[in-house]
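This report concerns only the one structure given below.
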There are 2 protein chains.
Amino acid sequence: MTKAALLELEPRKTPQQSRSVATVEAIHDATIQVLLKDEPDRLTTVRVAERAGVSVGTLYQYFPNKQALLFAVLERHLLGTAKALEDACAANHFQPLEVMMDEVVNRFIDAKLVDRDTSVALYRIAAEAGGNLILERTRKRYETAMTAMLQTANLPASADVNYMVHMIYLTMAGTIRGHLESSAPPRMTRKLREHLAKLLVAYCKAV
Amino acid sequence: MTKAALLELEPRKTPQQSRSVATVEAIHDATIQVLLKDEPDRLTTVRVAERAGVSVGTLYQYFPNKQALLFAVLERHLLGTAKALEDACAANHFQPLEVMMDEVVNRFIDAKLVDRDTSVALYRIAAEAGGNLILERTRKRYETAMTAMLQTANLPASADVNYMVHMIYLTMAGTIRGHLESSAPPRMTRKLREHLAKLLVAYCKAV
DNA sequence: TGAGTATATGAATGAAAGTTCAGGTTTTTA
DNA sequence: TAAAAACCTGAACTTTCATTCATATACTCA
């Protein structure tokens, strides 16, 4: 993605008055609602605006184009989960490995489940919308926080912490995505929490 | 997805003569090539037809609509990987856990890497195109084969083989997808193979 | 209160894409 | 070899959608 292309994702205008703050907020929410209602290709700017109770013109005052809208919505969501994971890591330095993994897994799943539907809807648009860019950014934040935490754990001396952390990220993000996208009923989430935590502990000890 | 909707994904006509077999083949390949060239939303039926060296009309003789085309291409790819995994499982009954996991992981990654670009391109369309349907179907095949294999391994008596197998599937599919979609250089794939196999072995023993 | 700024409107524009179909060519069949 | 069946063509039709802009309303502050 070129620099010019990135610029086009920036907001066109920042809300000044409170009514426009509310408008932008409403547009954010409406985007997700529309995304949930149908296939992603039925997400049109007009539909989003209608759902938000404003006109298309208003939408275009704050977002230079449709992609920027998706980008913004995705970013907001990922920053939320990143924050959750960073907090979980920071709060568990020097804990036993079992506690670390249990906390990290559960806070991450919690963050994705706060609004399960939103998470699922956003997976669908992550590929477009410069999603890779945001994903890479948040991945780095995850890995930094996790590395800091794991350096306070007692791991096998042979451990390649860098790759280990990356593997943990791939595993968490991947399994949770797979789980949410499948038609697995909510009660299965409990099993996922358990098994994922166990799996990661076993891996850390074995490396 | 309703029954009527499923019907609309079925091929409109099956090729009889060899030239039309070649045509359909060309359309399959062209679809992937177009998908690789640009963003998924630039995948047009006209573009695919052009690339395949036929006219749009011809395309519509064999595929009732665009979605059916994507469905068919995705299906072909997933059946390939399913076959690879089934073979790997069948060939390793009664082996030590380490061998089982090593083989399964490596044959699965191999299948995805035969044409790395194709795999990546198809991830992008898996969400549309009734992709969930095919994914569920192949998941079941994966899990059946893996269950059969693992029942010949000596696992901890407490093991819940059913969920274990599912967890293994989520982990493999998820990490490999994450790896392929990221910008990780090919040399990192070796590390993934190693760590993924180790991780799964550790998990099986710990459950 | 009134000028200046921020915000909202929504019909109109133009480009893009999915799909059809009437008419042609090639292959098979009898 | 002639009719039938399979196959191919691509301009034309239709719908859908992103985006703009001239105009109107609401808010702020001096």
Side-chain angles (χ1 to χ4, degrees), chain A residues 4-5 7-31 34-35 37-73 125 128-130, chain B residues 4-5 7-28 30-31 34-35 37-73 124-125 128-130:
Chain A
L7 261 183
E8 282 173 11
L9 294 180
E10 288 303 305
R12 174 170 280 175
K13 180 198 283 191
T14 13
Q16 313 270 323
Q17 306 171 358
S18 66
R19 59 175 167 155
S20 54
V21 173
T23 297
V24 171
E25 189 71 20
I27 292 174
H28 266 102
D29 294 346
T31 306
V34 172
L35 213 44
K37 215 170 148 252
D38 316 277
E39 298 289 291
D41 60 343
R42 305 247 316 157
L43 181 125
T44 50
T45 50
V46 173
R47 254 190 276 277
V48 168
E50 261 172 8
R51 182 101 195 187
V54 298
S55 79
V56 228
T58 299
L59 190 156
Y60 277 92
Q61 295 227 321
Y62 302 101
F63 303 95
N65 51 53
K66 184 180 162 182
Q67 213 197 329
L69 172 65
L70 300 182
F71 188 88
V73 172
I125 57 166
E128 322 151 46
Chain B
L7 261 183
E8 282 173 12
L9 294 179
E10 287 304 304
R12 175 171 279 175
K13 180 199 281 188
T14 12
Q16 314 270 320
Q17 306 171 357
S18 67
R19 61 175 166 155
S20 54
V21 172
T23 296
V24 171
E25 188 72 18
I27 292 174
H28 265 103
T31 305
V34 172
L35 213 45
K37 217 169 147 253
D38 315 276
E39 299 288 292
D41 61 344
R42 306 248 315 157
L43 184 127
T44 329
T45 48
V46 173
R47 255 190 275 276
V48 168
E50 261 170 9
R51 182 100 195 188
V54 298
S55 80
V56 226
T58 299
L59 190 157
Y60 277 91
Q61 294 225 320
Y62 302 102
F63 303 94
N65 50 52
K66 186 181 161 183
Q67 213 198 328
L69 171 64
L70 299 183
F71 188 88
V73 172
R124 295 192 198 163
I125 57 165
E128 322 150 47

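First the proteins, then the strands, lettered A, B, ... as listed; each starts at 1. These numbers come from a predicted model, not from an experiment.
- If you check dG18(C), dC7(D), dT19(C) against the side chain of T44(B), the one that comes closest is dG18(C).
- Mapping Q17(B) and G57(B) onto DNA chain D via the closest heavy atom, the residue that lands nearer the 5' end is Q17(B).
- Side-chain atoms of R47(B) and K37(B), non-hydrogen and from C-beta on, never get closer than 4.5 Å to each other.
- For the OP1/OP2 pair of dC8(D) and a distance below 4.0 Å, the side-chain nitrogens and oxygens of T23(B) include at least one atom meeting the criterion.
- Side-chain contact between K66(B) and V48(B) is absent, with no heavy atoms from C-beta onward closer than 4.5 Å.
- The Y62(A) side chain lies nearest to dT7(C) when the options are dC7(D), dG10(D), dT7(C).
- Two residues, V46(B) and R19(B), neighbour DNA chain C, and the one matched to the more 5' nucleotide by heavy-atom proximity is V46(B).
- Contact annotation: S20(B) does not reach the phosphate of dA6(D) (side-chain N/O to OP1 or OP2, under 4.0 Å).
- Residue E50(A) contributes atom CD, which lies 14 Å from atom P of dT16(D) at whole-angstrom precision.
- Here L43(B) lies in heavy-atom contact (under 4.0 Å) with sugar-phosphate atoms only.
- Rounded to whole Å, the distance from CZ on R42(A) to P on dT16(D) is 9 Å.
- Annotation for P15(A) and V21(A): closest pair CB-N, 3.7 Å, computed over non-hydrogen atoms.
- With distances taken from any side-chain atom of S55(A) to the nucleotides dT27(C), dT9(D), dG10(C), the minimum falls on dG10(C).
- Using a 4.0 Å cut-off, no side-chain N or O of Y60(B) falls inside it from OP1 or OP2 of dT20(C).
- One atom, CG of L59(B), and another, C1' of dT20(C), lie 13 Å apart when rounded to the nearest Å.
- The closest side-chain heavy-atom distance from L70(B) to L43(B) is below 4.5 Å.
- L69(B) has its CG atom 10 Å from the P atom of dT19(C), to the nearest Å.
- Phosphate contact (OP1/OP2 of dT9(C), side-chain N/O of T58(A), threshold under 4.0 Å): present.
- The shortest distance between the side-chain N/O atoms of T45(A) and the OP1/OP2 oxygens of dA18(D) is below 4.0 Å.
- The minimum heavy-atom distance between Y60(B) and N65(B), with the atom names listed, is CE2-CA, 4.0 Å.
- One interatomic measurement links the two molecules: CD of Q61(A) to C1' of dG10(C), which rounds to 13 Å at whole-angstrom precision.
- One finds a side-chain N or O of R47(A) lying less than 4.0 angstrom from the OP1 or OP2 phosphate oxygen of dC17(D).
- Rounded to a whole Å, the CG atom of N65(A) is 20 Å from the P atom of dG14(C).
- In this structure, the CD atom of Q67(B) is 18 Å from the P atom of dA17(C), given to the nearest Å.
- In this structure the side chain of V24(A) reaches within 4.5 angstrom of the side chain of H28(A), judged on heavy atoms.
- Closest to the V54(B) side chain, of the nucleotides dT9(D), dC7(D), dT7(C), is dT9(D).
- Comparing T14(B) and K66(A) against DNA chain D, the residue whose closest nucleotide sits nearer the 5' end is T14(B).
- Side chain of P15(A), nearest nucleotide from dT19(C), dC8(D), dT7(C): dT7(C).
- Computed from coordinates, the Q16(B) CD to dT28(C) P distance equals 11 Å when rounded to whole Å.
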